[in-house]
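For the single chain, residues carry numbers from 1 onward in sequence order.
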Amino acid sequence: FIPADIRLLEAVNLRVEVISTGSSTGNVLVDDIGFGLLSDIPWLSENPISGAVGAGGSQAVTVGFDASALAVGDYTANLVISSNDPDENPLTVPVTMHVVEASEISLCPGQLPLDATLTPGASETQALCLQNTGATSLSFSILEQGGGPATMRLSFPEGAKVEPGLRDSIAKMPDGIGRYLVYMKDQADLSHAFVTEDWNMRGQWVYETLQATATASQVDVLSLLQTLKSNGSVAKYQSFWIVNAILVMGDQKALDKLAAHPDVAYIEAERQYELPPESGFDIGPMAIEWGVAKINAPSIWSDFGNTGQGVVVANIDTGVDFDHPALVAQYRGTTTGSHDYNWFDPSAVCPDPFPCDNNNHGTHTMGTMVGDDGGSNQIGVAPGAQWIAAKGCESNSCSGSALLASGQWMLAPTMLDGSGADPAMRPNVVNNSWGGGSGYLWYQATLIAWRAADIFPAFAAGNDGPGAGSISSPGDNPEIEQE
């Protein structure tokens, strides 16, 4: 026999051969005894602990080592092997187990985050140093995650900080008051969100980061606005953290003061979007809609058992007729028993504190997503999903302020009174069947924030195709998918 000496991170087995050199069968007993102890050793085990070895034969004994309940250090014991041979003394096999720190791959001391600044078409390489801090060799693999935009860097026109024509449009207002968005220079860095796998933690981190950036960078401008309001140059203002901007209802004097502030990046007029007209087709309950069948949604339902269950979808639209027979069961508020965190009306259009639709457009788009009355009215692609909604479109049109407020609410839904913002209640998908013009990036910061929080944005491509460049904004922004 040779002494057993092994280094362990976890339970392993060692085979000990008991060999008979005699001419008759002998009985064998294997026991483990710690130095100075007469009891069983908890980190050692033997199988079998007794048996018979035939003449000229051998017997394999499996010895198990278990370091699961031990601290780092060296542990010693003896395996005592006795037999029924009266002429032989018990055999002793010394056993040593070394419990060491687990090996771990980590970054070498002084390794900095990789950060490259390149011009289009350029390339470079950087060194990444990894070290193994343990006693055993380890293999490693590298997986790329994220790939989303690291920061919200909005593109503003070079030169003047005020959108051309904005001053003139304010001068033409009967009361001399215009509505414009004041964008701050500081923008939140959301790069860490793209490598966070925990969905709730990811949303909370994005929400807190956006809020912290807006709070810190808007202080001086908000103080200026309060002064301008007391002087009558500003009628009202509203702060946003989703885009780090402030909506201002003010005159030319306020515009000029804000444009001169060093923390302000750009000022542009609030945009207004018209909804596309509804089709003139007769509508009514029917079986599976042709569009749902055309994209083979029923095959997904039957072949994979997936009807959207476990997913929360939302729309920013004209609202939703929440108690419609094809929608009421899927409304998350029906499940929770409350409209809190499930409905938002930023312009306070609905007469009651629950979802309404004064246009039917939002009810239509929500029906396309989840509509199913459990009977003959199967109009939705994902009838197993739940829905929530924000009324970003007051009627036939959508104001920029309502759209921004709705986009902000989607990332951190609130109670009906606006309190208790909770990113854990955000939807997985937000549908937006509105848009207009092309090349406008004013909603891009909202889209980047949604992406960072793992919210999938879907937008209308518009009804002006099929020529190139006919997709409307924000549908032409790179962060979204067109519907």
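The closest side-chain heavy-atom distance from Tyr207 to Leu411 is below 4.5 Å. Taking the side chain as every heavy atom from C-beta outward, Leu258 and Val221 approach each other to under 4.5 Å. Residues Leu118 and Glu124 have side chains in contact (heavy-atom distance under 4.5 Å, counting atoms from C-beta outward).
Side-chain atoms of Trp301 come within 3.5 Å of backbone N or O of Val381 as a donor-acceptor pair. Listed for the Asn342 side chain is a donor-acceptor partner under 3.5 Å among the backbone atoms of Asp340. With hydrogens and angles disregarded, a donor-acceptor distance shorter than 3.5 Å links the side chain of Ser169 to the backbone of Leu166. Between the side chain of Asp323 and the backbone N or O of Val328 there is no donor-acceptor pair closer than 3.5 Å. The closest donor-acceptor contact from the side chain of Asp317 to the backbone of Gly319 lies at 3.5 Å or more, if one exists at all. With hydrogens and angles ignored, the 3.5 Å screen pairs a side-chain donor or acceptor of Gln309 with a backbone N or O of Gly305. The backbone N or O of Ser223 lies less than 3.5 Å from a partner atom in the side chain of Thr227, making a donor-acceptor pair. The main-chain N or O of Gly362 is found under 3.5 Å from a side-chain atom of Thr318 such that the two form a donor-acceptor pair. Judged by distance alone, with hydrogens and angles left aside, the side-chain atoms of Arg332 form a donor-acceptor pair with the main-chain N or O of Tyr341 at under 3.5 Å. Under a 3.5 Å cut-off, the side chain of Lys391 and the backbone N or O of Cys356 do not form any donor-acceptor pair.
In summary, the side chains of Asp186 and Thr213 do not present any donor paired with an acceptor at a separation below 3.5 Å, with no hydrogens or angles considered. In summary, the side chains of Asn315 and Asn432 do not present any donor paired with an acceptor at a separation below 3.5 Å, with no hydrogens or angles considered. For the residue pair Asn231 and Ser233, no side-chain donor N or O sits within less than 3.5 Å of a side-chain acceptor on the partner. Judged purely by distance below 3.5 Å, without hydrogens or angles, the side chains of Gln330 and Asp372 never pair a donor atom with an acceptor atom.
Cation-pi check for Arg202 over Phe194 is met; the charged atom lies under 6.0 angstrom from the ring centroid and within 45 degrees of its normal.
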Assess whether salt bridge (Lys or Arg N to Asp or Glu O under 4.0 Å) is satisfied between Glu163 and Arg271, documenting all intermediate values. CA-CA 12 Å; Glu163 181 183 15; Arg271 304 200 180 279; 3.7 Å; yes

For Ser433 and Asn431, what are the C-alpha separation, side-chain angles and deciding distance, and is it a side chain to side chain donor-acceptor pair (under 3.5 Å)? CA-CA 6 Å; Ser433 293; Asn431 182 76; 3.1 Å; yes

Asp263 vs Ser217, test: side chain to side chain donor-acceptor pair (under 3.5 Å). Steps then yes/no. CA-CA 7 Å; Asp263 294 338; Ser217 61; over 6 Å; no

Derivation and outcome, side chain to side chain donor-acceptor pair (under 3.5 Å), residues Thr363 and Asp357: CA-CA 7 Å; Thr363 302; Asp357 187 358; 2.7 Å; yes

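Residues Ser397 and Gln272 approach most closely at OG-NE2, 3.2 Å, considering heavy atoms.
Under the 4.0 Å criterion applied to side-chain N and carboxylate O atoms, Asp454 and Arg426 are not assigned as salt-bridge partners.
In this pair, Phe354 and His339 present their aromatic rings tilted. The plane angle is within the 30 to 60° band.
Partner Tyr180 forms a side-chain contact (heavy atoms from CB on, under 4.5 Å) with one of Val162, Ile246, Ile170 and no other, that one being Ile170.
Contacts of Glu270 classified as side-chain contact (heavy atoms from CB on, under 4.5 Å), with partners at least two apart in sequence or in another chain: Arg179, Leu247, Ser399, Ser401.
Other residues, nucleotides and ligands place no more than 12 heavy atoms under 6.0 Å from the NZ atom of Lys236.
Atom NZ in Lys161 sits 11.5 Å away from atom CG in Asp256 (nearest 0.5 Å).
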